[in-house]
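When a ligand or atom number is given, it counts from 1 through the structure's own listing order. Keep in mind the model is a prediction, meaning the values are calculated, not measured.
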Amino acid sequence: MPGDAKTHLFDPVRALASVRHEFGEHGGVNLSIETSSTFTVMEAGVMPEIFQGMRGPEAGGCYLYGRHFNPTVLVLARQLAAIESAQSAYCTASGMGAISGVILQCCNSGDHVVASDTLYGGTWAFLHDFLPPKCGITTSFVDFTDLSAVAAAITPRTRVLYGESVSNPTLRVADVPALAALARERGIKLVIDNTFSPLLLTPIRHGADVVVHSLTKFINGASDLVGGAVCAKREFIDQLFDLHTGALMLLGPTMDPRAAYEVAMRLPHLALRIREHSARAMELATNLESRGVAVCYPGLPSHPDHARFKHLANPGFGFGGMMTIDLGTLDRANRFMEHLQNQEAFGFMAVSLGYADTLMSASASSTSSEMDEAGLAQAGISPGLVRLSVGFTGTLQDRMAQLERGLQSVGALSQS
Ligand code: PLP
């Protein structure tokens, strides 16, 4: 039974360690970067067999062309499949490359998506603004925590339920087992964006069909490249690379092998980073809440989905590095962030997440600004909501003091 606490226990660190180590070409401990965009065959007859899908990376070790498969990218893909408990995976040039490819693979013109009303702004814009006129694919946005609303929104043309395991930026936690049961019952796919919670949550263990990631965030962790991934059953990943109908093959959001190498080098310390992000965020959020600040963090017992997160989470990684503070107005949010960056060197006013330093943005006017006013109101994203991706540089004590002074500078915390 997906969702049963006893059967879903999963250790992604052990799963990652079980992936065969890829040595470099000359026996180096690091994998080599396969830079070639095209691959030779020793017998001419092999080439048509690759085109016909009779041979490939997993069938005879045959490669064709870099937009199709690349050996270095495939190493990273195998590692990501392991941490997401997926049969297969492949990487894309960005998180949006993965998301758009998956939706387009699942839906034809006239089809329909039921999506969470709280999503990364780019995903929201893709579903809300891009797909209807270009492809005739429509989306109903509903409160994903309200299962009866999700069920009621499903039509005979619905092909996908789409949500984020931890929503951006409101940090609501999807009830993946229940959504997966609903998707199965209606014969549709549950696609979950797990960008906010790698290692912490493993949606496929709870019944999700497809997991997408922006590797740009926690998984890479250095804010120095853009990448994405799709993790799913082998059949679905193969469909994405079909020469005639594969969205990744034909739209071409290919990951560069140099980027794949960089990300693969950071996976071994992903668990250490996630634990530290989580521990810091937990301390900061607990302290702020005890002093009356409007903080939202899934690790706090007051969070509406705290119990669900705890139930679904893989043990030992905490509750993640994302938290929000609602300062009511955009002006206060801006002054707070300016103080923290320019007076305290606490972190950076920047979008994105999962960096070593703390990144701060006012979601309604940045990463959720694609949403219209009604959408922002429906999702509960107020103009003064500041999203923090809590970093791990400096000492926790100093960071707490800086954060307190930042809140005091806008009157959101009294002097102690
Ligand atoms: N999914 C989530 C939850 C995000 O926050 C983002 C970007 O901020 C994306 C997907 C898109 O990823 P990328 O910028 O790598 O295309």
Side-chain angles (χ1 to χ4, degrees), residues 73 76 80 84 89-104 113 115-130 141 144 160 162-174 176 191-201 203 208 210-231 247-248 251-256 259-260 262-263 266 274 277 298 320-324 348-355 359-371 375 379 381 385-390:
V73 182
L76 174 64
L80 295 171
E84 285 298 348
Y90 207 63
C91 308
T92 51
S94 67
M96 282 311 299
I99 292 163
S100 55
V102 166
I103 304 273
L104 287 168
V113 176
S116 166
D117 60 10
T118 313
L119 293 173
Y120 162 60
T123 309
W124 189 90
F126 179 68
L127 294 167
H128 187 268
D129 301 326
F130 184 96
F141 295 92
F144 242 40
V160 171
Y162 186 95
E164 294 170 348
S165 44
V166 178
S167 66
N168 181 0
T170 53
L171 309 182
R172 295 303 305 260
V173 181
V176 175
V191 179
I192 295 287
D193 180 338
N194 201 26
T195 298
F196 273 31
S197 43
L199 305 185
L200 301 151
L201 299 170
V210 181
V211 161
V212 288
H213 270 288
S214 167
L215 303 180
T216 318
K217 313 293 169 19
F218 286 103
I219 289 188
N220 182 58
S223 288
D224 60 349
L225 60 80
V226 175
V230 183
C231 307
L248 295 189
L251 298 174
T254 310
M255 173 175 267
D256 189 276
E262 298 282 348
V263 180
R266 283 133 193 197
I274 291 285
H277 283 297
M322 302 304 295
M323 62 184 242
T324 63
F348 300 113
M349 271 185 286
V351 296
S352 203
L353 43 127
Y355 188 45
L359 301 179
M360 307 169 280
S361 54
S363 298
S365 48
S366 60
T367 53
S368 300
S369 62
E370 293 90 341
M371 296 171 75
I381 304 170
L385 189 82
V386 176
R387 188 188 76 184
L388 292 100
S389 167
V390 176

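Under the rule for a ring pair (Phe, Tyr, Trp, His ring centres under 6.0 Å), F348 has no partner lying at least two apart in sequence or in another chain.
A salt bridge does not link D117 with R172: every distance from a Lys NZ or Arg NE/NH1/NH2 to an Asp or Glu carboxylate oxygen is 4.0 Å or more.
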Could you tell me, for ligand 1, which of its N or O atoms are under 3.5 Å from any protein N or O, listing the pairs and their distances rounded to 0.1 Å?
| unit_1 | atom_1 | unit_2 | atom_2 | d |
| --- | --- | --- | --- | --- |
| ligand 1 | 1 (N) | D193 | OD2 | 2.6 |
| ligand 1 | 5 (O) | N168 | ND2 | 3.0 |
| ligand 1 | 8 (O) | K217 | NZ | 2.8 |
| ligand 1 | 12 (O) | S214 | OG | 3.1 |
| ligand 1 | 15 (O) | G95 | N | 2.9 |
| ligand 1 | 15 (O) | S214 | OG | 2.8 |
| ligand 1 | 15 (O) | T216 | OG1 | 2.6 |
| ligand 1 | 16 (O) | G95 | N | 3.0 |
| ligand 1 | 16 (O) | M96 | N | 2.8 |

Please tabulate, for the side chains in residues 359-366, all donor-acceptor contacts under 3.5 angstrom to protein atoms that are two or more places apart in sequence or on a different chain.
| unit_1 | atom_1 | unit_2 | atom_2 | d |
| --- | --- | --- | --- | --- |
| S365 | OG | A362 | O | 3.4 |
| S366 | OG | A362 | O | 2.8 |

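Not one N or O on the side chain of S94 forms a donor-acceptor pair closer than 3.5 Å with the backbone of G228.
A salt bridge (Lys or Arg N to Asp or Glu O under 4.0 Å) check over residues 94-104, counting only residues at least two apart or in different chains, returns nothing.
A side-chain hydrogen bond (donor to acceptor under 3.5 Å, both in side chains) with S197 is found for one member of T195, D193, N194 and no other, namely N194.
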